[in-house]
Amino acid sequence: MKYLYMVSCRTACLPAGCYGVALAWPWRWPVAAWLISMQWLAWPWALALSASLLLMLPGARLLQGTAGEEDGSAIAQLLWRLLEVSAYLLAPPIALLGVFSLWHGALPQVLQWTALAAGCAMLAMTCWLPLLRMSGWPEQRRLLELLVILLVMLVVWASMVSNAQSLPFPRPVLFFPLLIWAAFRGRLLGACLSGSLLCLLLSLPCYLPGLYLHAGVTELMNDTVLCLTFIVAALLVATLSDVQRRKEDELNEFRSRVESLVNNSPNMMSLKGLDGRFLLANRAYSRMLGVSEHAMVGHSLDDYFTADDASRIRQQDAVVLSCLEPRQFEESFSVGGNSFTMLVSKFPLFDSQGRPAGVGSVDTDITRSREELQAKKEAEDKYWALVEQTLVGIYILQDEKLVYVNPKLADIVGYPPQEMQNMALEKLLPPSEASRIRLQIKRRLRENIQIMHYTTRAISRDGHLVDLEVHSRLVEYEGKPALIGVVVDISDRIAADTNLKLAAKVFENSAEGILILDADARIIAVNHAFTRITGYEEGEALGKLSRIFADSDDAASQHMQQALALHGQWQGEMRDRRKNGDWYPAELSISLVRDDAGFHSNYVAVFSDITVRKQAEERLQFLANHDPLTRLPNRSSLISRLEQAIVEMSGEPGPLAVMFIDLDRFKLINDSFGHQSGDELLREIAIRLSNSVGERGLLARQGGDEFTLLLTEFADQAELAALAEDILAVLGRGLRLEEHEVFVTGSIGISVFPNDGTDARSLLKNADVAMYRAKDAGKNTYQFFDAEMNTQTFERLLLENGMRQALERGEFELHYQPQLNAASRDMSGVEVLIRWRHPQLGLIPPLRFIPLAEETGLIKPIGDWVLQEACRQLKAWDQAACMYHGWRSICRRASSSRARWWTMWRVPCTAPAWKLAGWNWKSPKA
């Protein structure tokens, strides 16, 4: 067995070069291992052992798949993969040896060898496989230092061998500081080399049994475990050291790039502290001041600028520090007799704790551009003064956008000049005109047509069209082709030409009938609509006296004539008769026309047939006061009739009652058969209720499945009760829906004037409350309103509102009732009971608020709280369980208690609620 252990150690502790050759030649090195192992093993087992070494190649590739990680977060995963790969490589030979030991009865010796071989192989794999993550070799100086460390390890081992006495501690402890030193200085290579050397030195007792006598199998196994632990620690140190070095290199490289960017920038950059002294200045800044950039560090503004300029710069710095936001300024100062104008962007600096630490600035020299801009501005001002004072519109069009318009053109179309800047043609011209002008511009640019005259129409800001005459020329503006033109408003001229034509067309094509009368009210002109509406042709109407003034004794006609005399116009409705004798409603507008002397000369009347509108108004009036589905009066009509009935009874009180009828289980039927069948059911119910009520009251539909009955003729409450029973009987009869017979019942609430309310709102509300009391009483019944119902409703509302905030205020509390075993009288568990300690109502039992919580949907958050609080208390008892006898049996019954809570609250009893309380509900421990 020792020879097997020695062969495995030799094979696993291959040097780095041999390992690389093995990976490159995967079919050769197992043959060499087989030839070596044949010296001590039978050839079948030597062949099986060497063949299993072929699995190291896929294991190494499996580990190499994790080599992309570059930071320390993958260290633990890497080490775990190392252990997985080691186990993967050792599994086949261990399995073969296990079969061999069982067959020949040598299981104890094989187990010892297996433990030693597994430990040594895992050590070797742990030492060498991390080299797959190496990106390069260390420096020569570090390699020499690593060689010294390895020599020191050999010296320590030699001294340990020469000392025949047993050490008071394991031998690998002597090498642990050297492993850490090698990992810190040589990183992964150092950790791997030192770990491999340690594996080799500690495996020599098996290879040379007489090297030191006190090395037994147990001690070697302990040394193997310690060696593996120390090598893993060395790999961690090497990985962390490598990550730190990479971060430092990246930081130095970033710092070099920033310094190069700052010093080579043409802009002047500087950083100043809170005391106003320079912390940094680039080469451009120091060149302007005539000093070196390093000489400026530590100096203040007063050392380089005048007192006024330095004060102004400090004020700008103070503004940036006060608002702690970037700001842009324009600075003008003199340095060395030269004047500079700078565009300065300043920003606050912060220290590592986020506190203000200074001000940074980036200055751009705009002195020359400002001088050129000033000269250009003076020349342009002379030109634009002439352009903007002209009496015609001037524009420049480029890329189908207005790049310039003068105030006159802006005034013509009603826009401010700045709003027309970069305005597209589509916004200024109608779509057809915009397309035409765009094609015209393309043709001019293609054929180089310099001058063109045309007319077009523009859309003013208020939406009306403006007729324009345009004279334009093709020019070059800012290096690109453009059009410059002069615009004249010709709207008045065109309007004068079209007014007469337009008036004639409007008269003939108007949809309303138009007739013109002379001063004696005789018809002198009619249009085609007059003939279409009245049936009279133009020849039949001309010269006839208009029926508008025919009946002068009528009160409406006299009122119209008075309005014409006072205001010159009248508008209203009248009834007229067609040629065939049919009457129709007409809307008439008549105006009095006076001549230049002030005497009336004509009447102009415009009328239209409003028969369709009258029918639509009647239809809308019906829909406004009736339900379109059932054709019954709607809620607004009911309230109006109820208020009217209350007003009529103010002087002489009479019988008045309101019945609120609500269908039971209508939602179930609606969801089962569909909304169309639900609508059909409502129509059938409305017909049944109408036939049952008859003339005894007004039946209305409130909405949904609710109906309301207004009663004004009844003797006493007994008659109301009898009517309610009749209605319930009618509702209880079966209905046919989609070949199915369904039954619908109702709940009725009754309120009586004036005992249950003196206004419409109170009567409807109290009837609604009574209806809900009927539903609570089992449905399919009726209830008269009682004042106590309001108290119960208010208490219910108070409980519901308070329950929504009870969890946040901590008003719920749990009571724990112990459960005893009847046979042994031992406590077997506890029952959890919830109570609500209301600030106004005191301690409320669950029977009063649990049904309300289930109805409002608050039962789930309350159930979650109960589970969490009970689990928290159970954990507290669990931690203190050592103080109570028999606690283990209580913990075992926690699952049954959990089932009762779930049933009680109807919420899912999931593990997160128990884990949130920190208690393992699957396997509670005492």
Side-chain angles (χ1 to χ4, degrees), residues 70-73 240 243-377:
E70 295 295 339
D71 57 0
S73 62
L240 293 176
V243 171
Q244 181 65 25
R245 178 184 60 82
R246 292 181 183 178
K247 291 184 177 179
E248 290 177 357
D249 294 342
E250 292 174 358
L251 180 60
N252 293 333
E253 183 179 357
F254 176 75
R255 182 179 301 169
S256 300
R257 292 177 180 176
V258 171
E259 290 180 356
S260 177
L261 174 65
V262 170
N263 288 325
N264 294 319
S265 173
N267 294 327
M268 291 172 287
M269 303 179 184
S270 65
L271 300 178
K272 295 190 291 292
L274 294 177
D275 57 355
R277 297 185 179 275
F278 286 98
L279 302 175
L280 180 144
N282 69 341
R283 190 174 296 118
Y285 206 134
S286 61
R287 188 184 303 117
M288 182 194 69
L289 298 179
V291 296
S292 65
E293 58 268 26
H294 299 291
M296 292 182 62
V297 177
H299 290 270
S300 63
L301 296 170
D302 297 325
D303 297 334
Y304 304 105
F305 299 95
T306 63
D308 294 338
D309 293 342
S311 176
R312 186 167 56 256
I313 296 174
R314 276 193 290 267
Q315 290 178 0
Q316 296 172 359
D317 294 345
V319 171
V320 174
L321 289 175
S322 62
C323 64
L324 295 179
E325 291 181 354
R327 289 289 186 269
Q328 196 171 64
F329 306 95
E330 187 173 308
E331 294 180 355
S332 297
F333 51 81
S334 298
V335 176
N338 298 322
S339 297
F340 296 92
T341 301
M342 298 287 179
L343 183 63
V344 182
S345 298
K346 295 191 174 184
F347 50 90
L349 303 177
F350 300 93
D351 58 12
S352 59
Q353 297 181 355
R355 295 174 299 188
V359 177
S361 67
V362 179
D363 303 356
T364 304
D365 189 356
I366 59 173
T367 305
R368 179 172 296 180
S369 61
R370 278 304 174 91
E371 294 174 353
E372 295 174 353
L373 183 63
Q374 182 64 26
K376 183 179 179 181
K377 184 177 182 302

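Quantities reported herein were computed from a predicted structural model and do not represent experimental measurements.
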Problem - Euclidean distance, Leu324 CG relative to Phe350 CZ, rounded to 0.5 Å - result: 5.0 Å

Fill in the blank from the handout: d(Lys247 NZ, Asn252 CG) to nearest 0.5 Å is 14.5 Å

Handout entry: Ion pair check, Arg312 and Asp309, cut-off under 4.0 Å
Key = yes

Problem - Lys346 side chain reached by Gln316 side chain, heavy atoms, under 4.5 Å - result: yes

Practice task
Determine, for Arg327 against Glu325, whether the closest basic-nitrogen to carboxylate-oxygen distance falls under 4.0 angstrom.
Solution key: yes

Practice task
Heavy atoms only: give me the nearest Ser292-Ser286 pair and the separation to one decimal.
Solution key: C-CB, 3.5 Å

Handout entry: Flag side-chain contact, heavy atom, 4.5 Å: Val344 against Glu330
Key = no

Problem - Rounded distance [0.5 Å steps], CG in Leu271 versus CG in Leu279 - result: 6.5 Å

Practice task
Measure from the side-chain N and O atoms of Ser322 to the backbone N and O of Ala318, and report whether any donor-acceptor pair falls under 3.5 Å.
Solution key: yes

Problem - Heavy-atom pair of closest approach, residues Asn282 and Asn267 - result: ND2-O, 2.8 Å

Handout entry: Check: Ser311 side chain, Asp308 main-chain N or O, donor-acceptor pair, under 3.5 Å
Key = no

Completion exercise
Between Met269 and Tyr285, the two heavy atoms sitting closest are O-CD1, 3.7 Å

Practice task
Before giving the answer on side-chain contact (heavy atoms from CB on, under 4.5 Å), spell out for Val362 and Gln328 the whole-Å C-alpha distance, their side-chain angles and the decisive distance to 0.1 Å.
Solution key: CA-CA 9 Å; Val362 179; Gln328 196 171 64; over 6 Å; no

Exercise for the section: Give a yes or no answer on whether the side chain of Asp303 reaches the backbone of Ser300 with a donor-acceptor pair at less than 3.5 Å. Expected result: yes

Fill in the blank from the handout: Note: Asp365 and Met342 closest approach over all heavy atoms is CA-SD, 3.4 Å

Handout entry: Contact summary for Gly276 and Lys272, nearest pair of heavy atoms
Key = O-CD, 3.7 Å

Exercise for the section: Report the residue from Pro356, Ser345, Pro348, Ser361 that forms a side-chain contact (heavy atoms from CB on, under 4.5 Å) with Val320. Expected result: Pro348

Fill in the blank from the handout: Distance col, row Arg283:CZ vs Ser265:OG, nearest 0.5 angstrom, shows 11.0 Å

Practice task
Ignoring hydrogens and angles, tell me if any N or O in the side chain of Asp351 forms a donor-acceptor pair with the backbone of Ala357 under 3.5 Å.
Solution key: no

Exercise for the section: Mind checking the CG-CG spacing from Leu343 to Asp363? Nearest 0.5 Å is all I need. Expected result: 8.5 Å

Problem - Contact check, side chains of Leu289 and Tyr304, non-hydrogen atoms, under 4.5 Å - result: yes

Completion exercise
dist Arg368:CZ -> Phe340:CZ (nearest 0.5 Å) comes out at 11.5 Å

Exercise for the section: Find out whether Arg355 and Leu349 are in side-chain contact, i.e. whether some heavy atom of one side chain is under 4.5 Å from a heavy atom of the other. Expected result: no

Practice task
May I ask you to test the Leu301-Phe278 pair for a side-chain heavy-atom distance under 4.5 Å?
Solution key: yes

